[in-house]
> 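I'd like to ask some things about the structure below.
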Amino acid sequence: MLLSVELTPFGIKIFCFQLAPKQKIRIKLRSYWVPLIEDSCKQIIEAAKTTNAKTMGPVPLPTKKKIYCVLQSPHVHKDSRFHFEIRTHQRLIDIMYPTAQTIDSLMQLQLPAGVDVEVKL
């Protein structure tokens, strides 16, 4: 609780503000393949909802695209090239007001190997 006192010519004003708790788990998922990341999002949301935690997401973040250019011929034909690209898909999930059961259920999840998980408290 936060109190604020203000002196005015007509008297004293006291304001009382109640701050919301900042309890949140932010999970960022990255994958090269969309079905893998969508299945992982569903597993995380189901695990959080079974423990009565409020979830927000999955929020699709912008896809990062890396393009690699490779020469077809090692000596001549410089104009002839191959282009390869790698797309990294990202999702963001927020879990509001987590409990100890929520954290335990998230730790027990078996996510696929092609998904990178980053957790911030």
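Quick note: numbers below take in every heavy atom, side chains included, and nothing from hydrogens, waters or symmetry partners.
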> With the 4.5 Å side-chain cut-off for hydrophobic clustering, are Ile37 and Val59 part of the same group?
no
> Linking I/L/V/M/F/W/Y whenever any side-chain heavy atoms sit under 4.5 Å apart, do Ile25 and Met56 land together?
no
> Is there side-chain contact between Ile67 and Phe84, with heavy atoms separated by less than 4.5 Å?
no
> Would you confirm whether Thr55, through its side chain, and Ile95, through its main-chain N or O, come within 3.5 Å as a donor-acceptor pair?
no
> With a sphere of 6.0 Å drawn around CE of Met96, does it hold more than 12 non-hydrogen atoms of other residues, nucleotides or ligands?
yes
> Side-chain contact test, heavy atoms from C-beta onward, threshold under 4.5 Å: evaluate it for Ile86 versus Lys64 and give yes or no.
no
> Measuring from atom CZ of Arg81 to atom NE2 of His83, what distance do you get when rounded to the nearest 0.5 angstrom?
7.0 Å
> Please give me the minimum heavy-atom distance between Pro58 and Ile45, naming the atom from each residue.
CD-CD1, 3.5 Å
> When rounded to the nearest 0.5 angstrom, what distance separates NZ in Lys120 from CG in Asp94?
11.0 Å
> For residues Gln23 and Pro98, determine if any side-chain heavy atom of one lies less than 4.5 Å from a side-chain heavy atom of the other.
yes
> Of the non-hydrogen atoms in Lys78 and Leu71, which two are nearest, and what is the gap between them?
O-CD2, 3.8 Å
> Is Met107 linked to Val115 within one hydrophobic cluster, defined over Ile, Leu, Val, Met, Phe, Trp and Tyr using a side-chain heavy-atom separation of less than 4.5 Å?
yes
> Hey, could you give me each pair passing side-chain hydrogen bond (donor to acceptor under 3.5 Å, both in side chains) that has a residue in residues 39-54? Not counting sequence neighbours.
Thr51-Thr102
> If hydrophobic clusters are built from ILVMFWY residues whose side chains come within less than 4.5 Å, do Leu92 and Leu111 share one?
no
> Show the numbers, then the answer: is there a side chain to side chain contact (heavy atoms under 4.5 Å, CB included) between Gln101 and Leu106?
CA-CA 9 Å; Gln101 294 174 348; Leu106 289 174; over 6 Å; no
> Tell me the side-chain hydrogen bond (donor to acceptor under 3.5 Å, both in side chains) pairs involving residues 104-118, sequence neighbours left out?
Arg30-Asp116, Arg30-Glu118
> Is there a side-chain contact between His89 and Ser31 (heavy atoms, below 4.5 Å)?
no
> Any chain of hydrophobic side-chain contacts (each under 4.5 Å) joining Leu109 to Leu121?
yes
> In Å, rounded to the nearest 0.5 Å, how long is the span from CD of Gln90 to CG of Leu29?
10.0 Å
